[in-house]
Structure formats: C-alpha cells, structure tokens
Amino acid sequence: MAASTCDLSLLSHSTLPRNSQIHLKNVAFAASIVNNPRFCFNREKLKVNHGLKVHAVVEVGLEGSKSKTLEETFGFDVVSEGELKLKGFEGLRKTKLVCTVGPACSSLEELEKLALLGMNVARLNMCHGTREWHSDVIRKIKKLNEEKGFSVSIMIDTEGSQIHVVDHGAPFSVKVEEGSIWRFTIEHFEGSRPFTIQANYKGFSEGIEVGDELVIDGGMARFVVTEKTGGDLHCKCIDAGLFLPGAKFSFWRDGKLVRRNYELPTLSTKDWADIDFGITEEVDLFALSFVNNASSIKDLKNYLSTKSTKSIKVLAKIESLEALHNLEEIVQASDGIMVARGDLGVEIPLEQIPTVQEDIINICRQLNKPVIVASQLLESMIEYPTPTRAEVADVSEAVRQYADALMLSGESAIGSYGQKALGVLNMTSSRMESWVREENRQCLLTHRQLGASLPEHITEQICNCAVEMANKLGVDAIFVYTKHGYMASLLSRNRPNPPIFAFTDDESTRMALNLQWGVIPLLVDLSDDAESNISKSIQHMKSKGLINQGNTVLVVSDVAPAHATHKAFQSVQVKTII
C-alpha cells in the first residue's frame with residue numbers, strides 16, 4: 001500500500017538532530033497522505049533518510065449512513081455551519097470576534113443578533129453592572145447556546161484596583177465641551193450630578209498640582225487642574241470630547257506621565273468576589289486587569305485549580321509599561337493576552353502603540369497563546385453608523401499582524417450601532433485574511449521551540465509539518481481530534497490557509513478554542529479508535545452537505561488509545577472524500 005516516503009525535515013521549519021534516537025516503544029508516530037495525481041510532489045527531493053518519515057498511502061472511501069446517536073452528539077455550532085454552507089471552506093473567517101455586553105445589547109434578542117453576526121466570545125466587564133445583572137446575561141447566553149445551537153464563550157473581565165477610574169454616573173457617554181468647568185470628587189453619591197465626576201479611589205488627587213493635565217481614556221477628553229480643594233479637583237476642559245462611563249484617567253506634568261506608586265494588589269477584594277461569582281456561573285474565561293507580572297496570574301490559576309470543577313482559562317491584560325517590561329513571563333504564565341491599547345497608550349508614546357502591538361502579537365503567537373486586540377477599534381461607531389477609514393485601516397492592520405481576536409468595547413456595550421460595528425469587524429477581517437493568503441504571508445512566520453522533551457518536540461514538529469503540507473497540497477480543511485486542544489493551538493499558531501476543525505469531547509476545551517485563530521471547535525464523542533473518529537465526523541459532515549466528494553482534508557490526532565501514555569501518540573493523514 002505504501003507508495004512513497006517523504007522526509008519530515010523537508011516539510012518542517014526545524015528538524016530533529018540526526019543523532020536523535022526515537023524509541024517506538026515509548027513514542028509512536030504515524031502519518032499517512034494520499035498518493036493522488038492532484039498532488040505535485042518533487043520526487044527528486046523525496047529521498048529516504050535516516051530521520052523521521054512520513055509514509056504515503058492510498059485512502060479508501062467512507063461507508064455507512066448517519067446514525068441518530070451521531071446526530072445527537074455532533075456539536076457543530078449553527079453560525080459556522082451556516083457560513084460553511086454559504087461560503088465554503090475558503091470563505092470562513094479565521095479572526096475571532098469578542099463583544100462587550102452592556103445596556104445596549106443585553107436583551108435576549110440583541111444577544112442572538114450578535115451571535116448570528118459572528119460573536120465568538122461575550123465579555124462581561126465587572127466595572128459596570130451588578131452581579132445580578134451579569135448573572136442574567138450569562139443565563140441568556142447559555143440559553144442561546146443550548147436552545148439555538150450557538151457556541152459563544154463567556155469571559156469575565158475583572159475590575160482590578162480601580163485607582164485610575166472616574167465615573168460621571170450616567171449609563172451612556174457624556175459630551176464634554178471646551179471651556180467647561182468640572183469637579184472631580186471623592187464624594188460618593190447615587191446617580192449623576194451636572195459637571196461632577198466621582199473618583200473611585202480617595203487618594204486619586206495625592207501629589208497633583210494646579211496646572212497638571214488630566215487626560216481621560218488616553219485622549220478622549222483633556223482637562224487642566226485649576227483648583228485643588230481637599231481631595232477634590234476643579235478642572236477646565238481644554239480638549240472637548242466624550243466622557244464614557246467608568247473612564248480611565250491619567251495625570252501629566254510638563255509632557256510626562258505623573259507616576260505614583262500605590263502598592264495595591266492586582267486582584268482586589270471585589271475581584272476575588274467576582275471570581276467566585278464567575279466560578280459559580282461556570283464562565284469560560286477570566287481576563288485580569290492591571291497585570292504587571294506573572295505572580296497574579298499564577299495565584300489565580302492555582303486558586304481555580306482548587307475551587308473550580310471545570311477548566312477556566314486566565315488571560316492577562318497588558319495595559320502598563322511595567323507589564324511590557326515583564327511581557328514574556330506574563331505571556332508564559334497566562335492562557336492568553338489582551339492588548340488593552342487605550343490604557344497602554346496612556347503610559348507609552350502614542351507613536352509606539354503600533355509596533356508594541358505587533359511585538360505582543362508576535363510573542364503570543366510564538367509562545368502559542370491567543371491574543372486579543374482591544375480598545376478603540378471602531379470608537380466612532382458608538383455614535384455614528386459608519387466607521388472612519390482610519391479605523392478600518394487599524395482593524396485591517398491587526399488582522400494582518402495575525403491577532404487571534406478583535407474586541408468591541410463601548411461600540412457594542414453602550415453604542416447605538418453595535419451590530420453594524422460587529423459587521424464591520426467581520427467584513428474587514430474576512431477581506432484582509434483573503435489578501436494575506438494571496439500574498440502568502442504565513443511563510444514569513446518564525447517559530448520558537450516550546451517543548452523540552454522529545455515527545456513534546458515531536459508534537460510541535462507534527463503540527464508545523466502538517467500546516468506546511470496543508471498549504472502546499474492545497475487541502476480544503478484541517479481536522480484535528482484533541483482532548484485538551486493543544487494540537488489545535490499548535491496548528492493555529494502556524495496560521496494555515498485552510499480552516500481548522502477541532503473535534504473534542506471536552507466542553508471546556510471547545511469553549512477555550514473559540515479564541516484561537518482559524519479554529520472551529522466541535523463537541524463530539526471521541527473514542528480511542530482514531531479511524532472511527534475520522535469516519536464518523538466526515539460521515540456526519542457529508543450527510544449535512546458540509547463536505548463533498550473531491551474535498552481533501554488533512555487529519556491530525558492526539559487522541560491516544562487506552563494503553564498509550566499521555567502525549568505519546570499522534571498521527572497525520574490526508575484524505576480525499578469519495
């Protein structure tokens with residue numbers, strides 16, 4: 001049955017040393033590809049080597065009919081299924097979309113519209129709303145997932161030590177006119193008062209002098225301090241703009257940021273209570289605000305391991321200069337990163353934001369962690385139905401840089417055109433991804449070896465080579481069968497041309513993979529029989545018209561037989577549907 005052999009080193013970015021010895025007793029590797037005239041192998045290069053081999057075999061067609069059990073256990077979400085039928089494999093969007101849920105989109109009907117438009121993750125910002133309100137939103141999203149066939153993950157964004165937050169008390173944005181005088185106070189009161197802003201931290205004005213500038217949300221509005229009375233500040237607006245609820249602020253003096261060391265913990269008492277709330281509600285992701293080093297991430301992950309019965313992923317928000325100094329250790333400790341550009345832009349020069357963003361995205365991809373680009377992507381659409389061309393260019397650049405996900409904040413939470421904003425992200429992402437494929441930009445990506453052991457290195461090599469094979473052979477899709485999502489994420493970090501369908505039997509894995517670039521996670525029953533898993537899934541997709549005769553898929557699996565050790569069995573195949 002074997003038709004030819006292919007040295008794995010010809011297909012990967014890096015190779016195992018020639019003197020490496022692989023003991024098949026402990027490590028099993030199998031990879032089969034179709035010997036089909038459609039595939040153009042260079043026979044001169046395919047010489048037998050003493051290294052790891054990929055064996056080419058001829059695959060036969062699939063037999064059997066759809067069973068009721070398979071229909072009931074096959075978890076294809078309704079949006080991905082619809083897009084696949086409409087656009088085909090090549091037309092599937094790979095960049096994931098995150099929407100912040102707020103008063104403008106918290107009804108069941110509005111949430112369903114966002115899900116239909118492509119929302120992959122719903123973000124709940126604990127800076128706003130009561131836990132009862134958030135619980136109601138979570139219940140609605142889970143209801144849509146269960147009853148309407150969506151697969152929307154739920155992320156809680158912690159408030160953090162809110163020493164840099166002020167609020168005008170109104171539920172929506174407030175316009176600030178140039179020349180108007182505003183009072184920033186530590187006094188707490190219900191509702192809103194004219195020209196009065198509440199500060200969350202009683203020491204917010206310590207060390208501040210008359211003449212200092214107060215900047216809102218990185219430049220949304222700008223004031224100068226004209227009078228200081230006790231803990232209150234009277235400020236005159238010198239740059240008109242918008243004042244959002246729960247706005248971030250910073251003080252500047254002589255063109256430099258006024259730095260003050262409050263020595264407060266990353267996770268406040270309220271944050272821990274919100275985390276317990278999230279555990280009880282069984283959310284899928286936590287995003288930590290004001291992370292400056294890896295310790296807070298490790299503390300929370302340890303806490304979750306003892307308190308939560310499900311696997312909840314922890315993301316770190318990069319929003320300070322200190323976080324940039326400790327970036328790599330934070331990325332390694334976390335399960336993902338959010339680039340909070342609004343707050344980050346307060347602490348570093350504005351002109352550095354594009355290159356810093358690209359550096360963060362690149363480090364996250366190399367370390368195999370998903371990264372969300374957030375803040376002010378389509379800020380103008382809070383009030384207007386169309387974005388600026390500069391905003392569209394900004395979104396396109398994040399997609400070109402291979403960010404895993406893009407996030408709407410105020411645009412969806414309080415804006416008048418949240419659905420249109422999501423549509424803009426969807427359309428712009430798809431168009432830019434198409435251009436990137438045409439330019440073959442993924443061939444410029446570099447990779448960092450992650451694993452230290454031989455089995456881990458083999459897993460990485462399999463995924464690197466699988467993606468290169470998929471791109472060179474022009475397959476329609478990549479199928480990966482995975483328990484914990486690791487191989488799916490390794491495939492994703494290579495940014496392949498075809499979409500990645502990740503079949504898993506773990507609900508937490510499915511919801512976590514909603515953040516991975518190019519991955520469509522499906523919840524299925526997996527057995528120890530790899531061929532049975534492949535046959536059943538392709539059979540089901542054929543029955544639903546999602547895959548057709550002549551389509552070619554590359555199949556990767558890390559589902560081990562019962563007798564195999566963890567991470568000791570992976571396989572690669574290429575199958576043509578007949």
Side-chain angles (χ1 to χ4, degrees), residues 74-99 114-121 149-153 370 372 395-396 398-400 402-406 422-442 466-467 469-471 473-482 485 487-489 491-504 510-524 537-538 540-542 544-548 550-556 574-575 577:
F74 199 86
F76 220 122
D77 75 275
V78 64
V79 176
S80 297
E81 183 175 333
E83 288 190 350
L84 183 54
K85 288 180 177 178
L86 181 66
K87 303 176 182 179
F89 291 110
E90 193 171 305
L92 293 176
R93 170 178 47 82
K94 295 181 172 63
T95 306
K96 301 306 181 73
L97 306 179
V98 182
C99 295
L114 291 177
L116 284 169
L117 287 168
M119 174 175 65
N120 301 108
V121 178
F150 295 109
S151 178
V152 177
S153 301
I372 305 169
V395 171
S396 297
V399 176
R400 186 196 67 80
Y402 284 120
D404 288 87
L406 307 174
L422 184 58
V424 170
L425 287 190
N426 199 333
M427 174 185 63
T428 305
S429 298
S430 297
R431 180 63 193 93
M432 193 62 184
E433 289 167 7
S434 176
W435 179 83
V436 168
R437 284 195 299 272
E438 292 170 5
E439 294 293 311
N440 196 29
R441 295 189 62 85
Q442 76 277 3
V467 168
M469 289 171 66
N471 290 339
L473 302 178
V475 302
D476 296 292
I478 297 174
F479 286 5
V480 57
Y481 298 83
T482 179
M487 290 193 81
S489 66
L491 292 166
S492 172
R493 81 162 179 160
N494 284 273
R495 303 306 193 244
N497 287 333
I500 303 164
F501 292 85
F503 301 88
T504 182
R510 180 196 193 190
M511 303 312 276
L513 288 174
N514 270 332
L515 261 186
Q516 297 278 174
W517 187 97
V519 177
I520 301 169
L522 298 92
L523 188 65
V524 298
S537 55
I538 294 180
H540 184 76
M541 292 184 70
K542 283 182 69 178
K544 295 174 75 70
L546 302 175
I547 194 167
N548 303 305
N551 286 144
T552 308
V553 297
L554 184 144
V555 181
V556 184
V574 175
K575 289 179 176 284
I577 311 304

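Quick note: numbers below take in every heavy atom, side chains included, and nothing from hydrogens, waters or symmetry partners.
- Within the 3.5 Å criterion, the main-chain N or O of W517 finds a donor-acceptor partner in the side chain of S492.
- Side-chain atoms of L92 and L84, non-hydrogen and from C-beta on, do get closer than 4.5 Å to each other.
- Between the CD1 atom in I500 and the CE atom in M487 there is a gap of 11.0 Å [rounded to 0.5 Å].
- Considering all non-hydrogen atoms of both residues, L554 and A470 come closest at CD1-N, 3.9 Å.
- Of all non-hydrogen atoms in N471 and P498, the two that sit nearest each other are OD1-CD, 3.5 Å.
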Q: Please assess T482 against V556 for the test side chain to side chain contact (heavy atoms under 4.5 Å, CB included), listing each intermediate value before the final yes or no.
A: CA-CA 9 Å; T482 179; V556 184; over 6 Å; no
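- Here OG1 of T552 is found 8.5 Å from CD1 of I547. Values are rounded to the nearest 0.5 Å.
- For the residue pair A405 and V98, the shortest heavy atom distance occurs at CB-CG2, 4.2 Å.
- Test M119, E83, R431 against N426 for side-chain contact (heavy atoms from CB on, under 4.5 Å) and you get one pass: E83.
- Environment of CD in E90: sparse, with no more than 12 heavy atoms of neighbouring residues, nucleotides or ligands closer than 6.0 Å.
- Proximity of S537 to H540: side-chain heavy atoms (C-beta onward) are nowhere separated by under 4.5 Å.
- Put simply, the side chain of V436 reaches to within 4.5 Å of the side chain of Y402, judged on heavy atoms.
- Heavy atoms only, all atoms of each residue included: L513 and G485 are closest at CD2-O, 4.0 Å.
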**Q.** Derivation of the side chain to side chain contact (heavy atoms under 4.5 Å, CB included) call for I478 and L491
**A.** CA-CA 9 Å; I478 297 174; L491 292 166; 4.0 Å; yes
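- For the atom pair OG of S430 and CH2 of W435, the computed distance is 16.0 Å after rounding to the nearest 0.5 Å.
- Using a 4.5 Å heavy-atom threshold, the side chains of T95 and E433 count as touching.
- With a 4.5 Å cut-off on side-chain heavy atoms, R400 and S396 do not count as touching.
- Taking both residues in full, the closest heavy atoms of A502 and V519 are given as CB-CG1, 3.7 Å, listed atom of the first, atom of the second, then distance.
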Q: Determine, stepwise, if the pair T428 / V399 fulfils side chain to side chain contact (heavy atoms under 4.5 Å, CB included).
A: CA-CA 9 Å; T428 305; V399 176; 5.8 Å; no
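- Across all non-hydrogen atoms, the minimal contact from L422 to G118 is CD2-N, 4.4 Å.
- Panel note: side chain K85, backbone L546; no donor-acceptor pair is recorded below 3.5 Å.
- In this structure, Y481 and F503 have parallel ring planes: the angle between them is below the 30° cut-off, well short of the 60° mark.
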Q) Taking it one step at a time, do L473 and V574 satisfy side chain to side chain contact (heavy atoms under 4.5 Å, CB included)? A) CA-CA 10 Å; L473 302 178; V574 175; 4.3 Å; yes
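- Look at D404 and R495 and you find a salt bridge, because one of the NZ, NE, NH1 or NH2 atoms lies within 4.0 Å of a carboxylate O, short of that distance.
- Of the possible polar contacts, none joining the R510 side chain to the S151 backbone as a donor-acceptor pair under 3.5 Å is found.
- With K94 contributing its side chain and N497 its backbone, the two residues share a donor-acceptor pair below 3.5 Å.
- Remark: F501 CZ to I538 CD1 distance equals 11.5 Å, nearest 0.5 Å.
- Side-chain polar atoms of S153 and N514 form a donor-acceptor pair below 3.5 angstrom.
- For the atom pair CG of L523 and CE of M511, the computed distance is 9.5 Å after rounding to the nearest 0.5 Å.
- The closest side-chain heavy-atom distance from N120 to C99 is not below 4.5 Å.
- D77 contributes a side-chain N or O that, together with a main-chain N or O of V79, makes up a donor-acceptor pair within less than 3.5 Å.
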